[in-house]
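The chains referred to below are lettered A, B, ... by the order of the sequence lines, with proteins before strands, and numbering in each begins at 1.
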Number of protein chains: 2
Amino acid sequence: MAETTTFREVMAEIIQRITEGPWGPGSLLPGEVELAEEFGVSRTTMNRALREVSELGFLDRKRKAGTRVRMAPIRQARFEMPVVRAEIEKTGAQYRYQLVSRAVIVAPDWLRARMRLKARDKVVHLVCLHFADGVAFQLEDRWINASALPQAVEQDFSAVGPNEWLVATVPFSEVEISFLAAAADARMVAHLGHAPGDPVFCIERATWWQNAAVTLVTLAHRQGYRMTTRY
Amino acid sequence: MAETTTFREVMAEIIQRITEGPWGPGSLLPGEVELAEEFGVSRTTMNRALREVSELGFLDRKRKAGTRVRMAPIRQARFEMPVVRAEIEKTGAQYRYQLVSRAVIVAPDWLRARMRLKARDKVVHLVCLHFADGVAFQLEDRWINASALPQAVEQDFSAVGPNEWLVATVPFSEVEISFLAAAADARMVAHLGHAPGDPVFCIERATWWQNAAVTLVTLAHRQGYRMTTRY
DNA sequence: ATGTTTATTATGTCTACACATAAGGAGTCG
DNA sequence: CGACTCCTTATGTGTAGACATAATAAACAT
């Protein structure tokens, strides 16, 4: 079948030559035209192949300077961040959601500073649990800006989780995600089964829409949780 | 002189329409031909723009089904993982490296299992510190497979860090990266200034080359460290 | 020797066109 | 009604050619 060579095949061969072949770290590759000729493809296709390999982090490309193999190849890691439900159901486990607490209050100072809220802005504070096969998997601590999203005050989050509700309700224009290690507080001890002070892997995500704060969420994970990616 | 519209401009407009405009979550976009006509570009360019926006995680594309706005837009997070030296020097701080300990031993059982080593394989065990302006920033705990890399036994790591040495010496074909929260052990207490049991943000990276284990490294960070990314 | 201009060159990107491929949907048949 | 086939359609990808742009290197002037 493969009469024409695809850019994917070219990519595979390029990566092969980088990882196991003659193109060691730091070495300079031949130019696009020369490579295109060697592989029997058009320069367009060769360009696509080289661009994609470069996006994978293997190559460094600069006009005039040429294409060079990166010294430190793994400069970026992509992490899939599925919705909890999907992450749990993918493992074959059964997903269950539970609302722990819900309150509408005036935003505390630290939250105002963190999310650039105005004084006296009201927020909805939610605490929820996500279970995998009945075992607590993730504790969600979420703040929603009620000034920007008045609907959030009416919304009853006992059935549908705030994440799924938000995602279907409001767009976003700015996102900030952090990974960090925290010490288990009383709430985590109560719901996730940690001992007080245990290290907990947390993801914090802040979202804005047109400069207005939408939501801040901290996701605390069960003990021993790892976020892993492979190449 | 922007006589011709670039795919980047098209991308920006598309993202605008998704995040703040008429194309809400779940909505179906017009076909490539129609959009190309509207924007006054070729289908090739429109395809490139849509493909890249889709790679950013905003769109879902399927043949025949068309292009649809993702319900959960932030499905993947990209984290830059620079070499420590670069990460530190980027902040303007001065970088310093120090070798703490070095030993050549037979691989312990847990390491053999973790890295698929053969029985009685020897490994080089290194502990190193990376300082930013004289303050300990990262503690590196590294194992190098001496059977696959005999040069590592000869190498004196007192001046140049093992990471920089490895990167310039050996290629790789398989990488596994994990993020996790661990409790500070004695070594971290001694070198990073934690209290025993404090939560520590760790990165673990395992590397193979042609199915042979190359190295396993755990990078423990100073207290309060966060890995952050923004959109 | 040093700073400035100019040419060269490799990558970046747009266009127009053609064919490939996956998958939804209509129509057909048991 | 269900299962199958076939057609249609939107995206996926390859080609050839042209111009744009950044960055190095060479030539030049100070």
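- Residue B:L59 contributes atom CG, which lies 11 Å from atom P of D:dG12 at whole-angstrom precision.
- Whole-Å rounding puts the B:L50 CG to D:dT13 C1' distance at 15 Å.
- For B:F7 and C:dT15, the CZ to C1' distance is 15 Å, given to the nearest whole Å.
- Relative to the ring axis of B:F131, B:R96 places its NZ or CZ within 45° and under 6.0 Å from the centre.
- Taking the six-membered ring where the residue is Trp, B:H130 and B:Y95 present parallel rings, their angle staying beneath 30° rather than reaching 60°.
- Ring planes of A:W143 and A:H125: parallel class, angle under 30° (limits at 30 and 60°).
- Put simply, B:T67 has no side-chain N or O that comes within less than 4.0 Å of OP1 or OP2 on D:dA10.
- Between the side chains of B:S27 and B:R68, not a single donor N or O lies within less than 3.5 Å of an accepting N or O.
- In this structure, B:R70 forms no cation-pi arrangement with B:F58, as its terminal cationic atom is not both closer than 6.0 Å to the ring centre and no more than 45° off the ring axis.
- Applying the 4.0 Å criterion to OP1 and OP2 of D:dT13, one finds that A:R8 has a side-chain N or O inside that range.
- Rounded to a whole Å, the CZ atom of A:R48 is 12 Å from the P atom of D:dT15.
- Between A:R226 and B:E204 there is a salt bridge, since a side-chain N of the basic residue sits under 4.0 Å from a carboxylate O of the acidic one.
- Taking atom CD of B:E55 as the reference point, atom P of D:dG12 lies 10 Å away to the nearest angstrom.
- Counted by atom type alone, A:N47 and A:E32 present one or more donor-acceptor pairs between their side chains at under 3.5 Å.
- Listed by chain and number, the residues in a ring-ring contact (aromatic ring centres under 6.0 Å, His included) with A:F157 are A:W165 (sequence neighbours excluded).
- Contacts between residues 32-47 of chain B and DNA chain D, counted as heavy-atom distances below 4.0 Å, involve B:E32, B:R43, B:N47.
- The CZ atom of A:R68 sits 11 Å away from the P atom of C:dT11 (whole-angstrom rounding).
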Polar-atom pairs under 3.5 Å, protein N or O versus N or O of nucleotides 24-28 of chain D: list them with distances, or write none.
none

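- Between the CD1 atom of B:I14 and the P atom of D:dT11 there is a distance of 11 Å, given to the nearest Å.
- Counting only N and O atoms by type, the side chains of B:R61 and B:S54 include no donor and acceptor under 3.5 Å apart.
- Atom CD of B:E52 is separated from atom P of C:dG12 by 12 Å (rounded to the nearest Å).
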